[in-house]
Amino acid sequence: MDEINDQRQQRIKKLDQLRQMGVAPYGTRFEVKDRAGQLTRLHGEKTKEVLEQERIDCTIAGRIVGLRRFGKAAFAVLQDGSDRLQVYLKKDTLGDHAHQISEGLDLGDWIGVTGILFRTKTNEFTVEVKTLTFLSKALRPLPEKWHGLTDVETRYRQRYVDLIANPQVHQIFALRSRIVSGIRAFLIERGFLEVETPMMHPIPGGAAAKPFVTHHNALGAELYLRIAPELYLKRLIVGGFPRVFEINRNFRNEGISTIHNPEFTMLEFYVSYADYHDLIVLTEELFGRLAQDTLGTTTIDYQGTQINLGSPWRRWSYHQAILEVNSLPPSVLTNRDEALAAAQRLGVDVSPKESLVNILNEIFEETVEPRLQQPTFITDYPIEISPLARRKDSDPSLTDRFELYIAGREIANAFSELNDPLDQRERFEAQAAQHAAGDEEAHRVDEDFLRALEYGMPPTAGEGIGIDRLVMLFTNQASIRDVVLFPQLRPEK
RNA sequence: GAGUCGGUAGCUCAGCUGGUAGAGCAUCGCCCUUUUAAGGCGAGGGUCCUGGGUUCGAAUCCCAGCCGACUCACCA
């Protein structure tokens with residue numbers, strides 16, 4: 001259990017002293033009238049003289065994150081979620097009782113104050129406190145004020161401490177929230193309905209991934225945490241909602257890395273009567289709008305690379321990209337031996353037994369993906385790796401599909417949806433054969449989904465956007481753990 | 001899964017070729033009513049990740065394990 005250390009003991013002692021003074025160390029309601037950020041914005045530029053003249057009253061509450069004592073006076077820095085603001089506590093103004101309370105204050109404690117805005121001798125914008133309300137006692141000390149908390153394990157395991165000690169972390173998650181709100185607003189403006197579909201699936205579907213398995217006792221049934229919401233959202237299109245979206249978690253039982261968390265946030269949306277070209281335009285608009293609204297620019301720096309989100313973005317067909325990047329002849333696209341030879345020549349590690357499609361895909365991932373720094377729509381993926389996408393009318397071996405790459409990373413995946421139930425059944429069966437042959441990630445046949453398609457799904461385009469990776473891009477973070485509040489770690493102890 | 005690096009006070013970190021465990025911040029006591037990494041004087045605080053081994057003696061060397069980070073593999 002918890003170590004009983006000296007500092008904690010001291011604070012418990014102070015907590016008792018508060019009680020003896022008739023002060024609740026864990027208080028109740030406090031009417032906050034102002035926030036540090038707003039006060040600074042409204043009055044932070046005013047001169048000492050103007051503030052003295054206006055005598056602006058304010059009431060704020062927050063956590064003490066800085067404390068400098070001067071005998072019978074003290075400066076405390078309050079952090080209230082909007083900003084930090086200094087407050088000045090002196091005996092003359094507070095009176096004996098409140099001054100006695102102020103003498104027991106520790107870093108980390110929560111207080112509420114009312115007072116008047118002024119500027120100190122050193123010109124610091126400050127609240128001179130008239131009344132002090134003790135709100136909550138912290139029993140544990142805060143990390144060191146200068147370096148903050150840097151131990152990454154503690155930062156992730158005790159994110160609450162990270163958020164207190166590192167204001168820039170607070171900023172990242174506030175920005176994440178604004179991005180998600182911005183996405184909602186953008187879609188709702190365009191007539192989308194936000195829906196919630198099951199997180200527990202009897203058949204994992206909608207993506208190629210290993211699922212987490214769970215068990216429902218009363219039903220006596222195995223269930224899977226969802227790997228994608230796709231098949232349920234399409235059922236809603238069948239049901240007659242023309243535009244739906246969902247922002248929620250997917251779960252994939254795979255490795256953890258700087259760009260993979262076992263649970264991650266996915267936006268999926270579906271548009272009836274549209275095709276993937278419409279989604280290209282919609283995606284450019286969405287990203288441009290989000291960047292403008294949250295960052296105020298469409299040119300962003302990601303890990304030292306300037307990325308221009310101004311549209312239009314490059315469109316490049318999957319096969320063309322493979323050929324152009326590697327200066328290969330078109331014949332590699334149809335000749336397995338040539339493709340294998342090309343892969344080996346390019347130093348792409350691929351088993352000699354792999355199919356043509358898999359060899360080409362390895363070449364794509366190794367040689368093309370890393371070059372896609374600026375936003376690029378890679379289009380027209382082969383049908384074998386797109387079991388839920390509509391065939392191209394001009395070439396039935398390809399699909400009406402794109403993936404969006406930014407900074408060498410897949411950010412979005414979209415296609416015109418396969419709405420032919422007989423074709424979908426064949427594709428599922430091909431996948432099921434691969435699954436039976438040992439490919440754990442191959443899709444399984446979902447009979448209810450096929451039944452839904454047999455009732456008729458209008459032509460539809462759908463897209464998924466990985467929200468965590470989008471936020472990484474917008475906040476210039478190299479690790480997904482820095483944009484997920486509580487990233488998955490090995491259980492403690 | 002493999003490799004590399006790391007785990008020492010509440011936090012941030014020193015600690016060399018093995019010889020009684022250190023600093024700054026934080027804490028405690030005293031002084032201080034405009035500081036802002038406040039200042040001054042004094043004090044307390046350690047399972048050196050865990051378990052073995054080598055040695056007269058291990059934070060330090062060796063072995064095993066635990067936890068983490070990064071890179072690679074995996075993740076269409």
Side-chain angles (χ1 to χ4, degrees), chain A residues 2-11 13-14 48 65-77 84-94 99 102 106-108 118-126 128 138-158 161-162 164-166 207-210 227 252-262 264 318 349-350 354-355 357-366 369 378 381-382 384-387 401 403 409-410 413 431 434 439-443 466 478-479 481 487 489-493:
Chain A
D2 293 342
E3 73 288 0
I4 303 295
N5 61 53
D6 179 45
Q7 301 200 37
R8 192 160 170 272
Q9 290 290 19
Q10 290 294 345
R11 286 169 179 239
K13 209 165 89 187
K14 287 181 180 176
K48 192 180 179 77
V65 293
L67 192 56
R68 296 175 284 277
R69 293 182 186 285
F70 285 84
K72 296 181 183 63
F75 289 96
V77 180
R84 294 178 166 195
L85 185 57
Q86 179 172 267
V87 303
Y88 182 45
L89 301 152
K90 68 172 174 177
K91 192 178 180 185
D92 294 349
T93 326
L94 287 174
H99 175 250
S102 80
D106 284 307
L107 285 170
F118 79 111
R119 277 189 188 282
T120 64
K121 279 179 187 166
T122 52
N123 214 33
E124 177 86 3
F125 185 60
T126 305
E128 177 165 358
L139 298 183
R140 291 173 185 251
L142 294 181
E144 198 238 2
K145 61 189 166 191
W146 191 238
H147 300 91
L149 180 65
T150 61
D151 181 84
V152 283
E153 187 176 357
T154 311
R155 286 188 47 227
Y156 298 145
R157 286 198 194 280
Q158 302 179 39
V161 183
D162 188 30
I164 296 164
N166 298 314
K210 297 188 196 92
I227 54 176
R252 298 189 183 173
N253 207 338
E254 289 158 358
I256 296 176
S257 77
T258 48
I259 52 170
H260 296 91
N261 196 53
F264 61 99
Y318 178 79
D349 186 28
V350 56
E354 280 296 347
S355 66
V357 168
N358 287 344
I359 294 167
L360 291 174
N361 202 45
E362 284 295 327
I363 295 175
F364 178 83
E365 285 175 13
E366 292 278 320
E369 279 191 12
I378 297 291
Y381 281 76
E384 291 86 345
I385 55 175
S386 314
R401 174 181 175 190
E403 287 200 356
R409 247 173 237 160
E410 180 192 339
N413 178 22
Q431 290 281 320
Q434 286 180 33
D439 180 354
E440 275 187 85
E441 297 183 3
H443 291 245
S479 170
R481 294 187 194 96
L489 299 172
R490 204 175 294 273
E492 218 172 345
K493 269 281 149 72

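Residue numbering restarts at 1 for every chain, and letters A, B, ... go by the order of the sequence lines.
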Which is true for [X] with a 4.0 Å heavy-atom rule: it touches a base, it touches only sugar-phosphate, or it touches nothing?
X: A:Glu384; result: nothing
X: A:Arg401; result: nothing
X: A:Arg490; result: sugar-phosphate

Item to complete: Would you please name every residue forming a side chain to side chain contact (heavy atoms under 4.5 Å, CB included) with A:Glu369, sequence neighbours left out?
Response: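 Testing A:Glu369 for side chain to side chain contact (heavy atoms under 4.5 Å, CB included), a comparison that skips the adjacent residues, returns A:Phe364, A:Glu365, A:Tyr405.
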
Fill in: side chain to side chain contact (heavy atoms under 4.5 Å, CB included) partners for A:Leu107, two or more places apart
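With sequence neighbours excluded, A:Leu107 shows a side chain to side chain contact (heavy atoms under 4.5 Å, CB included) to A:Arg11, A:Ile64, A:Leu67, A:Leu142, given in chain and number order.
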
Within the pair [X] and [N], is there a side-chain N or O less than 4.0 Å away from OP1 or OP2?
X: A:Arg68; N: B:rA38; answer: yes
X: A:Arg119; N: B:rU34; answer: no
X: A:Arg69; N: B:rG40; answer: no
X: A:Arg11; N: B:rG10; answer: no

Discussion item. I need the CZ-C1' distance between A:Arg481 and B:rC67, as an integer number of Å.
Written reply: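 In whole Å, B:rC67 C1' and A:Arg481 CZ are 13 Å from each other.
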
Discussion item. Once salt bridge (charged side-chain N to carboxylate O under 4.0 Å, His left out) is applied, do any residues pair with A:Glu362, and if so which ones, sequence neighbours excluded?
Written reply: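 Salt bridge (charged side-chain N to carboxylate O under 4.0 Å, His left out) check on A:Glu362 returns nothing, list empty.
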
Item to complete: Can you sort out the partners of A:Arg119 under salt bridge (charged side-chain N to carboxylate O under 4.0 Å, His left out), two or more places apart, ordered by chain and number?
Response: none

Practice prompt. Assess whether one donor atom and one acceptor atom, taken from the side chain of A:Gln10 and the base of B:rU27, lie less than 3.5 Å apart.
Written response: no

Practice prompt. Provide the distance between the two C1' atoms, one in B:rA23 and one in B:rC48, to the nearest whole Å.
Written response: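 Approximately 16 Å lies between the C1' atom of B:rA23 and that of B:rC48.
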
Item to complete: From the options B:rG44, B:rU35, B:rC25, select the nucleotide whose nearest atom is closest to the side chain of A:Lys145.
Response: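 Output: B:rC25.
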
Worksheet item: What residues, two or more places apart in sequence or in another chain, satisfy side-chain hydrogen bond (donor to acceptor under 3.5 Å, both in side chains) together with A:Arg69?
Response: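 With neighbours one apart ignored, the set is empty.
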
When you compare the protein's N or O atoms with those of nucleotides 11-14 of chain B, which come within less than 3.5 Å of each other, and at what distance?
from: B:rC11; atom 1: O2'; to: A:Glu144; atom 2: N; distance (Å): 3.1
from: B:rC11; atom 1: O2'; to: A:Gly148; atom 2: O; distance (Å): 3.1
from: B:rU12; atom 1: OP1; to: A:Thr150; atom 2: N; distance (Å): 3.1
from: B:rU12; atom 1: OP1; to: A:Thr150; atom 2: OG1; distance (Å): 3.4
from: B:rU12; atom 1: OP1; to: A:Asp151; atom 2: N; distance (Å): 2.9
from: B:rU12; atom 1: O3'; to: A:Thr150; atom 2: OG1; distance (Å): 3.3

